[in-house]
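Beneath this line is the structure, given in structure tokens, with notes to follow.
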Amino acid sequence: MDDAELADRLLAGDRRALSRAITLVESGRTDHRDRAAALLDRLAGEGRQALRLGLSGTPGVGKSTFIEAFGLHLVERAHKVAVLAVDPSSARTGGSILGDKTRMERLTRAPGAFIRPSPSQTELGGVARRTRESIALCEAAGFDTVLIETVGVGQSETMVAEMSDIFVLLLAPGGGDELQGVKRGIMEIADLILVNKADGPLEAEARRTCADYAGALRLLRRREGDAPGFPKALTVSAVSGAGIEEAWAQIGALASWRRENGHWDRRRAAQAGHWFDDAVRHGIMERLRADPRIKAALREARGAVAEGEAAPGAAAARVLTLLFEAAPTPGGPPARG
């Protein structure tokens with residue numbers, strides 16, 4: 001299908017069109033990037049928004065099991081849910097297993113749900129390079145809730161906060177030194193901490209762990225956009241479903257408070273500015289790699305730094321000077337070389 005048809009079918013909620021569009025934005029080919037940019041620019045005028053929920057958690061906490069139970073809870077209440085799951089990529093081969101759909105078998109079959117796994121590739125921050133653009137496509141396709149599952153807990157996971165409205169941190173009960181093990185940086189951006197596996201013999205331990213985290217959250221400095229009582233900690237069970245309805249109610253309450261008090265729009269505007277800056281930085285790097293003259297200078301400068309013949313900052317400044325000399329001046333003569 002051509003780009004106009006792709007946009008029309010996407011806006012009509014066609015899942016196949018959504019899958020094709022995400023494949024397009026994830027592609028690294030120059031012609032695909034141009035088409036993806038034009039598609040996203042066209043869809044931006046539609047003004048469709050979804051509740052964006054970022055979700056991360058410690059290894060083995062049951063993120064996929066929780067997302068399936070949580071997603072089914074929303075689908076049963078007539079919500080349209082999109083899950084963007086980011087899988088870690090091998091540092092050696094660059095490959096990813098992308099097995100999230102097999103771990104969410106019931107949610108995969110639900111008519112109101114869409115699941116898309118993507119490789120993290122070389123990106124830090126727990127999300128893929130084009131996750132933000134995939135979110136925009138899901139919103140345009142009519143999904144009212146988008147769940148962004150990150151690779152796993154770590155200090156760099158805070159990047160997901162720049163593309164979500166509410167950030168949920170999923171943790172397991174017990175662990176003894178777990179409060180020490182979880183990075184303070186990710187706790188500081190969490191809006192809601194959910195202690196999973198609060199069932200069977202672990203239920204009492206989960207409640208104690210939840211109380212520990214609730215106490216820790218009270219020691220953190222209040223942030224702009226925190227409703228009264230937030231951030232908070234709750235217990236849930238992805239197996240029995242206990243606590244999931246309460247968690248959704250708290251998410252809805254926080255989202256409503258932020259909309260009513262203007263924080264929602266300010267946060268979305270700040271995020272848009274952040275990703276504009278990010279696109280400019282990546283554009284500069286792509287320009288460095290594409291220009292043969294600059295590419296050669298970059299290789300030479302890197303070698304000089306590696307040999308200790310030049311300081312990294314000074315070498316980078318010389319390469320950037322070449323970049324700006326190669327860029328054409330608006331209304332002026334064409335650039336040299």
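What you are looking at is a predicted structure, and each value in this text was computed from that prediction instead of being measured.
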Test side-chain contact (heavy atoms from CB on, under 4.5 Å) applied to Asp2 and Glu5, step by step: CA-CA 5 Å; Asp2 60 26; Glu5 182 185 1; 3.1 Å; yes
Minimal non-hydrogen separation, Leu51 against Ala255, with atom names: CD1-CB, 4.1 Å
Test item: Arg223 and Pro231 side chains (from C-beta on) under 4.5 Å apart, heavy atoms: yes
For the student: nearest non-hydrogen atoms of Ile148 and Ser164, plus distance: CD1-CB, 4.3 Å
Step-by-step side-chain contact (heavy atoms from CB on, under 4.5 Å) determination, Leu217 to Ile193: CA-CA 9 Å; Leu217 289 173; Ile193 290 179; 3.9 Å; yes
Exam field: side chain Arg33 to backbone Val25, donor-acceptor pair closer than 3.5 Å: yes
Heavy-atom check, side chain of Ile67 versus side chain of Leu55, under 4.5 Å: yes
Candidate pair Val195 and Val236, rule side-chain contact (heavy atoms from CB on, under 4.5 Å), full reasoning: CA-CA 6 Å; Val195 182; Val236 296; over 6 Å; no
Arg116-Thr23 side chain donor-acceptor pair, cut-off 3.5 Å: yes
Atom pair OG1/CZ of Thr131 and Arg52 - distance to nearest 0.5 Å: 12.0 Å
Donor-acceptor contact present, side-chain Arg222 to main-chain Asp226, <3.5 Å: yes
Test log, rule salt bridge (Lys or Arg N to Asp or Glu O under 4.0 Å), inputs Arg266 and Glu224: CA-CA 11 Å; Arg266 287 198 295 272; Glu224 182 185 9; 3.6 Å; yes
Closest contact, heavy atoms only, Ala172 versus Val61: N-CG2, 3.3 Å
Side-chain (Arg318) to main-chain (Ala297) donor-acceptor, under 3.5 angstrom: no
Side chain to side chain, Arg48 and Leu43, heavy atoms closer than 4.5 Å: no
For Phe167 against Ser56, the heavy-atom pair lying closest together: CZ-CB, 3.9 Å
Linked, directly or transitively: Leu171 and Val239 (ILVMFWY side chains, under 4.5 Å): no
Point-to-point distance, once rounded to the nearest 0.5 Å, from CG of Asn196 to OG1 of Thr209: 11.5 Å
Check ion pair Arg16-Asp14 (N to O, under 4.0 angstrom): no
Same cluster (ILVMFWY, side-chain, under 4.5 Å), Leu234 and Trp257: no
Side-chain (Arg35) to main-chain (Asp31) donor-acceptor, under 3.5 angstrom: no
Carboxylate-amine/guanidinium contact Lys80 Asp144, below 4.0 Å: no
Same apolar cluster: Trp248 and Ile166, side chain cutoff 4.5 Å: yes
Cation-pi geometry met for Lys232 and Phe230 (6.0 Å, 45°): yes
Separation of Ser240 OG from Asp199 CG (nearest 0.5 Å): 5.0 Å
Non-hydrogen atoms of Glu68 and Met104 that approach each other most closely: OE2-C, 3.0 Å
Side chain proximity check, Leu169 to Leu192, heavy atoms < 4.5 angstrom: no
Spacing of Arg132 atom CZ and Trp275 atom CH2 [to the nearest 0.5 Å]: 6.5 Å
Minimum side-chain heavy-atom gap Ile251-Val168 below 4.5 Å: yes
Quiz item: cation-pi between Arg258 and Trp264, 6.0 Å / 45°: no
Sidechain N-carboxylate O distance under 4.0 Å for Asp212, Arg207: no
Pairwise side-chain contact, Phe66 with Leu194, heavy-atom cut-off 4.5 Å (strictly under): yes
CG-OG1 distance between Asp165 and Thr145, expressed to the nearest 0.5 angstrom: 10.5 Å
Which atom of Ile22 lies closest to which atom of Ser134, heavy atoms considered: CG2-OG, 3.6 Å
side-chain contact (heavy atoms from CB on, under 4.5 Å) assessment of Leu147 paired with Leu84: CA-CA 6 Å; Leu147 302 178; Leu84 300 176; over 6 Å; no
Within one Ile-Leu-Val-Met-Phe-Trp-Tyr cluster: Val305 and Val319, side-chain cutoff 4.5 Å: no
Value rounded to 0.5 Å, distance of CD in Glu162 from CZ in Arg267: 7.5 Å
4.5 Å side-chain heavy-atom contact, Arg208 and Pro173: no
Crowding at CD, Glu46 (>12 non-hydrogen neighbours, <6.0 Å): yes
Arg20 side chain reached by Arg9 side chain, heavy atoms, under 4.5 Å: no
Pairing of Asp278 and Arg281 as salt bridge, 4.0 angstrom limit: yes
Salt bridge present between Asp8 and Arg42 (N-O < 4.0 angstrom): yes
Exam field: side chain Glu139 to backbone Ala50, donor-acceptor pair closer than 3.5 Å: yes
